[in-house]
Amino acid sequence: MNQKYVGTGVRKSDARALTTGQPVYTDDIAPQNALIVKVLRSPHAHALIEDINVDIAKKVPGIACVLTYKDVPQNRFTMAGQTFPEPSPYDRLILDRRVRFVGDAVAIVAGETDEAVDRALRMIKVKYEVLEPVLDFHKAKDNPVLIHPEENWVANCPVGADNKRNLCASGQEGHGDIEAVLASCDVVLERTYHTKANQQTPMETFRTFTQLDAYGRLNIISSTQVPFHVRRILSIALGIPKSKVRVMKPRIGGGFGAKQTVVTEVYPAIVTIKTGRPAKIIYTREESMIASSPRHEMEVTVRIGAMKDGTIRGIDLYTLSNTGAFGEHGPTTVGLSGHKPIPLYSGTQEAFRFRYDVVYTNVMSAGAYRGYGATQGIFAVESIVNELADELGRDPIDLRMQNMVREGMVMPAYYGEKTNACALDRCVQRVREMIGWDEKIKPRVMPNGRIRAVGMAMAMQGSAISNVDVGAVIIRLSDDGTYNMLLGCTDMGTGCDTILVQMAADCLECGMEDIAVYASDTDTAPYDSGSYASATTYVTGMACVRACEELRGKIIRQGAKMLNLSEEEVAFDGKRVFSLEDETRSADLASIAYSGQCGCSDVLSATVSHSSPVSPPPFMAGAAEVEVDPETGHVELIDYVAAVDCGTPINPNLARVQTEGGLVQGIGMALYEDIVYAADGTNLSNSFMQYKIPSRLDIGTVRVEFESSYEPTGPFGAKSIGEVVINTPSPAIADAVARATGVRVRTLPITAEKIVRGMMDKQ
């Protein structure tokens with residue numbers, strides 16, 4: 001088939017609606033008579049509710065209901081949007097007598113106006129028995145203070161979880177004899193790196209509205225990445241059949257993993273069940289900062305062994321991860337902290353070991369965030385490789401070229417998968433050229449006294465969760481010869497609706513304007529795991545290709561029947577089915593569609609579900625040039641360059657925007673973003689005044705190029721791109737700062753204070 005759209009930078013299908021302010025987001029389409037729902041939150045990091053009096057609150061004019069733990073189902077569940085059975089433990093209640101962090105839900109209030117609800121919230125009187133909190137994640141494991149002492153705590157998967165030890169997950173794995181290998185190395189380095197929790201901060205905060213339909217079913221309309229998981233989670237939490245729950249997703253104003261956790265949906269849902277009325281909840285920015293699902297704080301200790309010639313022979317990695325008050329995504333994010341960075345050095349690696357503990361603490365629970373644990377592990381491993389280069393007196397790029405994974409290699413630390421497509425070596429060389437590495441490898445003192453230096457890093461991610469994630473597409477021929485495509489995946493602003501239409505248009509040899517897309521509704525769309533784990537292009541994209549191929553076959557069969565010919569005697573050019581012997585004998589698409597409505601037993605539609613037994617990794621390299629003021633420690637990012645291997649880019653423009661956005665988030669993690677807690681567990685980073693995310697003025701130049709490979713298991717040779725792009729800035733910038741100042745910052749973010757203190761310590 002001819003590729004007219006795949007590989008081109010066509011404009012997003014919904015661009016006009018979004019840029020002209022059409023009502024497409026959750027709050028835009030919520031009913032005007034919806035009850036306003038808000039949550040009363042705990043002022044304590046750990047406490048038991050001894051008494052809660054809501055009598056006065058209920059009497060406030062305009063209040064429809066006030067709910068406490070006494071009024072809601074007491075079914076344990078997880079808010080993690082994951083495939084069943086979820087690896088995350090069932091450790092939540094809708095409302096619990098025990099509160100586990102400052103900001104935890106204590107009561108739900110619903111009323112006619114914001115003012116009425118705010119007044120009622122102030123009228124609720126709560127008496128707490130304040131308990132000792134566990135705030136230091138280093139002290140959580142086997143602490144006598146238990147965060148989840150309840151007997152009905154449930155772990156559905158064998159992930160090493162034990163609530164009586166404050167463990168959400170624990171385990172280890174490896175290949176070869178790591179201790180013997182390290183003992184025989186010329187150089188062994190051991191370092192510990194600390195990444196703090198980060199907030200995803202999408203422009204659209206968490207929000208949901210709910211209502212009962214004409215059949216008495218609970219309808220959930222929510223800004224979510226995981227509609228089908230939302231349905232299951234609410235069914236469990238509310239104790240109602242999934243058949244009574246319908247979930248719909250409008251446009252999403254950003255997710256970045258945050259909305260893979262069911263942060264808000266349960267609160268208006270229980271209000272609608274209790275009152276029979278539509279209800280909506282809109283989180284404020286403060287609520288989104290103190291009671292949502294940020295990146296997991298992790299401390300990663302790495303030992304690396306190498307020979308004097310630079311051969312890296314073994315890596316030993318231990319991750320301590322802080323899941324916070326609840327276990328959402330705790331057992332799964334930690335795995336990527338080892339499985340993504342260690343395989344980068346499969347070229348010479350003889351052995352590896354990966355151990356981890358995920359612990360409960362009395363702070364806001366963590367969740368999914370772009371990179372999903374790989375970001376933390378890659379910061380550690382890429383940083384220690386840069387330190388190893390310093391120890392050996394080697395160029396960090398040359399050291400990587402000597403040891404990196406290459407196409408055709410098996411990666412024991414990546415589930416034994418083989419790299420079918422890998423352009424990592426070309427990515428590194430491209431970055432070397434883009435940044436002018438050879439000319440800038442030595443730090444330079446500028447006329448203003450500031451010091452410029454460069455640093456670099458590599459990264460890999462995955463393309464969906466192998467043997468788990470499912471993508472599905474329904475495509476059908478309409479009676480006018482155009483197509484309707486139903487998707488279960490969710491477009492978070494990434495443009496996945498657009499790229500799937502690009503694929504379908506090329507498969508069906510039609511115009512993109514001839515395909516109408518509908519997503520995502522659990523009643524009408526085929527089951528899809530959701531938009532996470534960099535799955536959409538790779539998994540749903542292949543389902544799209546296969547569905548189009550199946551529909552083409554049905555069109556050809558029906559057209560041949562109309563022409564009284566066999567299928568072998570006809571062809572399809574996207575507009576008509578015609579005789580190979582006499583092209584004037586043909587049946588156009590509209591005629592074929594109409595024929596399918598009369599006396600036809602073959603529906604002109606196709607439904608295909610796809611899952612992959614492998615998860616081919618995208619690769620990338622990134623390099624940073626920074627300028628550091630040695631007097632103040634201030635760091636300015638001058639230039640950031642990246643080269644990405646995402647297989648075949650389906651839409652280079654959208655791929656570039658994805659890369660640039662991910663890089664900016666990674667730069668924020670490296671230099672600015674920091675969640676800070678007070679001694680009592682209060683989150684002090686509760687607004688954009690306290691939690692700094694980079695603006696365009698903070699970034700400098702960002703340049704992106706692609707080094708294409710061809711992944712045979714992906715649609716049109718594509719792999720994923722959504723997550724890998726966030727992973728290189730932290731280690732690359734940290735290395736550039738170390739070259740400029742001699743100070744190696746191992747706890748993010750890299751601040752002026754840390755640099756100045758480090759320089760003073762070296763004097």
Side-chain angles (χ1 to χ4, degrees), residues 83 87 171-176 178 312-315 317 319 331-354 356 371-375 377-378 381-382 400 403-428 458-471 529 532-543 610-621 644-648 707-725 727:
T83 299
Q172 77 169 56
E173 54 197 277
H175 173 79
I178 186 64
I312 296 174
R313 297 178 57 202
I315 297 176
L317 187 150
T319 300
T332 39
T333 50
V334 72
L336 276 68
S337 72
H339 291 306
K340 294 302 187 287
I342 297 173
L344 286 167
Y345 298 94
S346 297
T348 56
Q349 201 175 108
E350 298 171 35
F352 82 89
R353 179 169 60 192
F354 172 37
Y356 55 86
Y372 204 78
T375 315
I378 285 171
V381 170
E382 287 301 280
R400 286 176 169 85
N403 293 280
M404 70 172 59
V405 65
R406 295 174 185 264
E407 192 162 288
M409 289 184 175
V410 173
M411 300 174 288
Y414 190 62
Y415 317 106
E417 284 196 21
K418 182 179 179 181
T419 54
N420 295 319
C422 176
L424 181 57
D425 53 346
R426 287 189 276 123
C427 288
V428 170
M458 306 187 307
M460 60 176 273
Q461 196 76 33
S463 299
I465 305 171
S466 58
N467 293 304
V468 172
D469 285 342
V470 172
S529 306
Y532 60 86
S534 302
T536 306
T537 297
Y538 178 70
V539 174
T540 309
M542 186 55 80
H610 177 71
S611 185
S612 176
V614 295
S615 177
F619 297 93
M620 76 172 293
V644 185
D645 163 24
C646 59
T648 302
E707 286 291 339
S708 296
S709 61
Y710 187 88
E711 173 53 50
T713 66
F716 296 92
K719 297 187 286 188
S720 72
I721 194 171
E723 293 185 278
V724 69
V725 293
N727 293 331

Report yes if some heavy atom in the side chain of Thr648 is under 4.5 Å from a heavy atom in the side chain of Tyr710; otherwise report no.
yes
For residues Met411 and Pro617, determine if any side-chain heavy atom of one lies less than 4.5 Å from a side-chain heavy atom of the other.
yes
All pairs passing salt bridge (Lys or Arg N to Asp or Glu O under 4.0 Å) where residues 333-354 contributes a residue, at least two apart:
Glu179-Arg353, Arg313-Glu350, Asp316-Arg353
Spacing of Met409 atom CE and Leu424 atom CG [to the nearest 0.5 Å]
10.5 Å
Testing the basics here: between Ser466 and Pro613, what is the closest heavy-atom pair and its distance to 0.1 Å?
CB-O, 3.5 Å
Between Ser709 and Lys719, is there a side-chain heavy-atom distance shorter than 4.5 Å?
yes
Which heavy atom of Ser611 sits nearest a heavy atom of Val468, and at what distance?
OG-N, 4.0 Å
Looking only at heavy atoms, which two atoms of Ile312 and Asn403 are closest? And how far apart?
N-OD1, 2.7 Å
Using the test side-chain hydrogen bond (donor to acceptor under 3.5 Å, both in side chains), find all partners of Glu723 that sit at least two apart in sequence or belong to another chain.
Ser534
The salt bridge (charged side-chain N to carboxylate O under 4.0 Å, His left out) partners of Asp469 (sequence neighbours excluded) come to none
Kindly say whether the aromatic ring centers of Phe352 and Phe354 come within a distance under 6.0 Å.
no
Point-to-point distance, once rounded to the nearest 0.5 Å, from CD of Gln461 to OG1 of Thr375:
6.5 Å
Less than 4.5 Å apart, side chain to side chain, heavy atoms only: is that true for Thr537 and Ser720?
no
Not counting sequence neighbours, list each pair that qualifies as a salt bridge (Lys or Arg N to Asp or Glu O under 4.0 Å) and has a residue in residues 416-426.
Arg406-Asp425, Arg426-Glu707
Do Leu344 and Val381 come close enough that some side-chain heavy atom pair is under 4.5 Å?
no
Do the non-hydrogen side-chain atoms of Met620 and Asn727 ever get within less than 4.5 Å of each other?
no
Can you see which heavy atom on Asn420 is nearest to which on Pro712, and at what distance?
CB-CD, 3.8 Å
So which atom in Val410 and which in Pro412 form the shortest heavy-atom distance, rounded to 0.1 Å?
O-CD, 3.3 Å
Under the rule for side-chain hydrogen bond (donor to acceptor under 3.5 Å, both in side chains), what residues qualify as partners of Thr713, not counting sequence neighbours?
Tyr538, Glu711
Contacts of His610 meeting side-chain contact (heavy atoms from CB on, under 4.5 Å) (sequence neighbours excluded), chain-then-number -> Val539, Met542, Ala543, Arg546, Ser612
Could you tell me which residues satisfy side-chain hydrogen bond (donor to acceptor under 3.5 Å, both in side chains) with Ser615, sequence neighbours excluded, listed by chain and number?
Tyr414
For Tyr415, what residues pass the ring pair (Phe, Tyr, Trp, His ring centres under 6.0 Å) criterion, not counting sequence neighbours?
His339
Of all residues at least two apart in sequence or in a different chain, which pass the side-chain hydrogen bond (donor to acceptor under 3.5 Å, both in side chains) check with Ser337?
Thr319
Validation row: Glu382, Arg400 side chains within 4.5 angstrom (heavy atoms)
yes
Looking only at heavy atoms, which two atoms of Pro343 and Val405 are closest? And how far apart?
O-CB, 3.6 Å
Are the side chains of Pro618 and Ile721 in contact, using a 4.5 Å heavy-atom criterion?
no
If the condition is side-chain contact (heavy atoms from CB on, under 4.5 Å), which residues does Thr332 pass it with, not counting sequence neighbours?
Gln82, Pro87, His329, Tyr372
